[in-house]
Amino acid sequence: DTEVTQTPKHLVMGMTNKKSLKCEQHMGHRAMYWYKQKAKKPPELMFVYSYEKLSINESVPSRFSPECPNSSLLNLHLHALQPEDSALYLCASSYLGLAGGGYYNEQFFGPGTRLTVL
Amino acid sequence: QKEVEQDPGPLSVPEGAIVSLNCTYSNSAFQYFMWYRQYSRKGPELLMYTYSSGNKEDGRFTAQVDKSSKYISLFIRDSQPSDSATYLCAMSAVGGTSYGKLTFGQGTILTVHP
């Protein structure tokens, strides 16, 4: 299984709603990532989890709350979002560490959740 | 100045053409280089990954890295309409606070017309 899956595919929410995005991988990767991508822009890193612990938070507003319940799952909890938060939210995963003289940093992306905040 | 510069195009070529996509970078700490292909409204798909200067070939795709010039390229031979997508270069440094962080180019929009 070489796939990262994300649910839901599309999400429309009001500014007072609470919702969650889910991401799953079964490749044995121990690093998982959340990115935000606006139209015609590259992905912007939001959070990195290494061995289920948050290792990087790119100064993301607290209305976005990540969670990594186990090594295969990553959630992004959303609360009180703004219309400008509408974007494609991408999850990615990768191996960690050194092996065979190389350095794992190939990140595999899921298909994304297209979020619209009204 | 951005750390990674990529011509956004758009680039339009006829089917069968050789396509050259390029990125330059300024951070000499970048050691790992990737090319992603992203179809409209989909997630990026990893095409090529390399960590040394030189060429790496995979089917119709060749990735080239020149660390002395801080320049990377992706060549697509015998381009097909199915290659029409946005191509993103990405790179990363080694270890420390850089761990796990990819720096992307702006992406080049490629259209291959029949």
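Each chain gets a letter, A, B and so on, in the order the sequences are listed, and its residues count up from 1.
- Per-residue counts of heavy-atom pairs under 4.5 Å with chain A were compared for B:Arg41, B:Lys42, B:Met34, B:Gln6; the largest is that of B:Arg41.
- Residue A:Gln6 does not touch chain B at all, counting heavy-atom pairs closer than 4.5 Å.
- Taking the side chain as every heavy atom from C-beta outward, B:Leu88 and A:Pro43 approach each other to under 4.5 Å.
- The hydrophobic clustering, which links ILVMFWY residues whose side-chain heavy atoms are closer than 4.5 Å, places B:Trp35 and A:Leu90 apart.
- A pairwise comparison of heavy atoms in A:Gln107 and B:Tyr36 identifies O-OH, 2.6 Å as the closest pair.
- For the pair B:Leu102 and A:Tyr33, the minimum side-chain heavy-atom distance is 4.5 Å or more.
- Within the 4.5 angstrom heavy-atom criterion, no atom of B:Glu45 approaches chain A.
- Within the 4.5 angstrom heavy-atom criterion, no atom of B:Tyr39 approaches chain A.
- Under the 4.5 Å side-chain heavy-atom criterion for ILVMFWY residues, a single connected hydrophobic cluster contains both A:Met13 and A:Leu76.
- Only the side chain of A:Gln37 comes within contact range of chain B, with heavy atoms under 4.5 Å apart.
- Residues A:Phe109 and B:Pro44 come closest through the heavy atom pair CB-O, 3.3 Å.
- B:Phe61 and B:Ile72 fall within the same hydrophobic cluster, where Ile, Leu, Val, Met, Phe, Trp and Tyr residues are linked whenever their side-chain heavy atoms come under 4.5 Å apart, directly or through other members.
- Neither B:Ile18 nor B:Leu47 shares a network with the other; the hydrophobic side chains, linked directly or stepwise wherever heavy atoms of I, L, V, M, F, W or Y lie under 4.5 Å apart, form separate groups for each.
- B:Lys2 NZ: 12 or fewer foreign heavy atoms inside a 6.0 Å radius.
- For A:Lys22, the NZ atom is loosely surrounded, since the number of other residues' heavy atoms within 6.0 Å does not exceed 12.
- With chain B as partner, the option from A:Lys40, A:Lys41, A:Glu58, A:Lys9 having the largest number of non-hydrogen pairs under 4.5 angstrom is A:Glu58.
- By the rule that hydrophobic residues join a cluster once side-chain heavy atoms approach within less than 4.5 Å of another member, B:Leu11 and B:Tyr87 end up as members of one cluster.
- B:Lys101 approaches A:Leu45 most closely through the heavy-atom pair CG-CD2, 3.8 Å.
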